[in-house]
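This report concerns only the one structure given below.
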Amino acid sequence: MDNRRLKTFLQVIKSHHLDGFIVTNPINIFYLSEFRGISQTERESILIFCPSPVFLTASLYQNEAGKVAGKNLKVKIVPQSYLIHQKAASLLKNCRRIGFEENNLTFHEYQYFRKALGDKLAPKNNLIENLRVTKTEDEIKKIEKAQIISQKAFEKLLKTVKIGQTEDEIAEKLAQVIKSLGGQDLAFESIIASGPNSGIPHHVTGRRKIKKGDILLFDFGAKYQNYCADLSRTIFLGRAGDRQRNIFNHVLTTQQKAIAKIESGTKSPDAYHAALDHFKKHKLNKYFIHGLGHGIGLEVHEAPYLRPFDSAQGHGLKPKTTDEEILTEGMVFSVEPGLYFSWGGIRIEDLVTIANGKAKVLGKTVTEIIEI
């Protein structure tokens with residue numbers, strides 16, 4: 001277990017004038033304690049700081065929990081999961097001010113802790129997520145491995161794509177190939193979008209059969225040792241038309257310009273505008289309908305976000321702690337320009353980190369159009 005993360009977070013909560021904290025997000029529990037014995041959707045463990053860290057879970061998970069116990073992390077087991085909150089409140093009762101994850105604690109949980117602990121509770125936003133933004137060398141290696149597995153899977157899958165297959169069939173085959181190459185699992189449900197479906201950025205993969213002349217857009221990622229990849233590729237079934245080829249080249253050029261713009265100290269909106277400016281120059285900007293990219297790590301979408309600084313409002317995106325994010329050494333994020341029309345869409349996505357002050361692509365980038 002990386003005890004440095006626990007020590008660092010203790011310093012963070014102290015800097016916020018807290019002597020207690022409640023961590024309920026399973027991803028953040030894993031990040032701090034390395035415990036991942038439960039599903040991300042389960043609420044059967046809590047990590048609290050009072051001020052020393054204590055991990056609480058039910059006896060069902062006692063074997064997994066025992067593996068993370070140590071000098072810097074106590075583990076306490078309760079007979080049933082419904083007793084976890086009761087035990088947490090008991091341990092926190094002597095704390096004067098207790099932070100909690102305002103984006104994760106449920107209303108029911110908040111009501112319970114408010115009743116048990118009174119007005120000591122203090123909502124806090126993204127304290128742990130802010131630590132997760134900068135990756136260690138080991139984390140970057142795991143993300144890069146996941147991305148390379150994804151790229152190899154794409155190359156292998158292309159050899160099996162045939163006219164008449166459904167989007168679902170291609171997605172199922174892709175999942176099998178990722179597993180065969182050493183991927184832990186899918187990082188998220190793959191998007192396989194054919195024909196006009198490729199013009200829908202978050203198309204739900206379905207039963208449409210691919211045919212000659214289609215655009216085929218892939219958006220998927222492998223997971224490796226709990227870290228995620230994210231890759232988008234657009235191919236053409238048959239020879240691409242002049243219009244399709246022109247749009248593809250604009251998207252590819254835009255990605256290249258955006259990556260060239262990025263270095264340590266670049267403001268994330270500036271990277272976004274490097275892409276937008278190219279599209280504006282060619283009167284394509286109204287077809288660029290999402291941000292340029294997002295951070296990636298233990299989750300597929302996390303900070304930093306490459307977008308206009310004021311675009312978080314009303315788009316379901318996690319709020320930021322500052323108006324503009326600065327891209328710095330050790331961050332990992334996608335660069336994924338795309339253009340979307342009624343006849344289809346084209347998106348190219350790769351993952352980038354900042355190393356030695358410059359943008360470094362993880363794995364290989366697209367260099368030319370793919371026609372099969």
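Keep in mind that this is a model prediction, so the values were computed, not measured.
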Checking N104 against R43 for the side chain to side chain donor-acceptor pair (under 3.5 Å) test, could you report, in this order, the C-alpha distance in whole Å, the side-chain angles of both residues, the deciding distance, and whether it holds? CA-CA 11 Å; N104 190 270; R43 308 293 286 194; 2.9 Å; yes
For H278 and H250, take the angle between the two ring planes, folded into 0 to 90°, and tell me which bin it lands in: parallel under 30, tilted 30 to 60, perpendicular over 60.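 Taking H250 first and then H278, their aromatic rings sit tilted (interplane angle of 30° to 60°).
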Side chain to side chain donor-acceptor pair (under 3.5 Å) partners for [X], two or more places apart:
| X | answer |
| --- | --- |
| H290 | Y340 |
| K135 | E302 |
| K87 | none |
| K358 | E263 |

If you measure from the Lys or Arg side-chain nitrogens to the Asp or Glu carboxylate oxygens, is any gap between [X] and [Y] under 4.0 Å?
| X | Y | value |
| --- | --- | --- |
| E371 | R245 | yes |
| D214 | K209 | no |
| K223 | D185 | no |
| K281 | D277 | no |
| K173 | D168 | no |

Taking L306 as the starting point, is it possible to reach F288 by hopping between hydrophobic residues whose side chains are less than 4.5 Å apart?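 Both belong to a single hydrophobic cluster.
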Exactly one of Q255, Q256, K257 should register a side chain to side chain contact (heavy atoms under 4.5 Å, CB included) with I259. Which one does?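 It is Q255; the other options fail the test.
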Aromatic ring proximity, centroids under 6.0 angstrom, [Y] and [X]:
| X | Y | value |
| --- | --- | --- |
| F154 | F218 | yes |
| H85 | F113 | yes |
| F21 | F9 | yes |

Between Q244 and I215, is a side-chain contact (heavy atoms from CB on, under 4.5 Å) present by the stated rule, with each step listed? CA-CA 9 Å; Q244 295 171 333; I215 293 172; 3.7 Å; yes
Please report the closest heavy-atom contact between S190 and T205, naming both atoms and the distance.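 Closest pair (atom of S190, atom of T205, distance): O-OG1, 3.0 Å.
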Answer yes or no: are there more than 12 heavy-atom neighbours, outside Y112 itself, under 6.0 Å from its atom OH?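 Count over threshold, so yes.
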Donor-acceptor contacts under 3.5 Å from residues 44-60 side chains, at least two apart:
{"from": "E44", "atom 1": "OE1", "to": "Y61", "atom 2": "OH", "distance (Å)": "2.4"}
{"from": "T57", "atom 1": "OG1", "to": "E44", "atom 2": "O", "distance (Å)": "2.8"}
{"from": "S59", "atom 1": "OG", "to": "P79", "atom 2": "O", "distance (Å)": "3.0"}

Please test L231 against Q151 for side-chain contact (heavy atoms from CB on, under 4.5 Å), starting from the C-alpha separation and ending with a verdict. CA-CA 8 Å; L231 181 73; Q151 293 174 347; 3.9 Å; yes
Contacts of Y110 that satisfy ring-ring contact (aromatic ring centres under 6.0 Å, His included) - sequence neighbours left out: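 For Y110 the ring-ring contact (aromatic ring centres under 6.0 Å, His included) partners, ignoring immediate neighbours, are F100.
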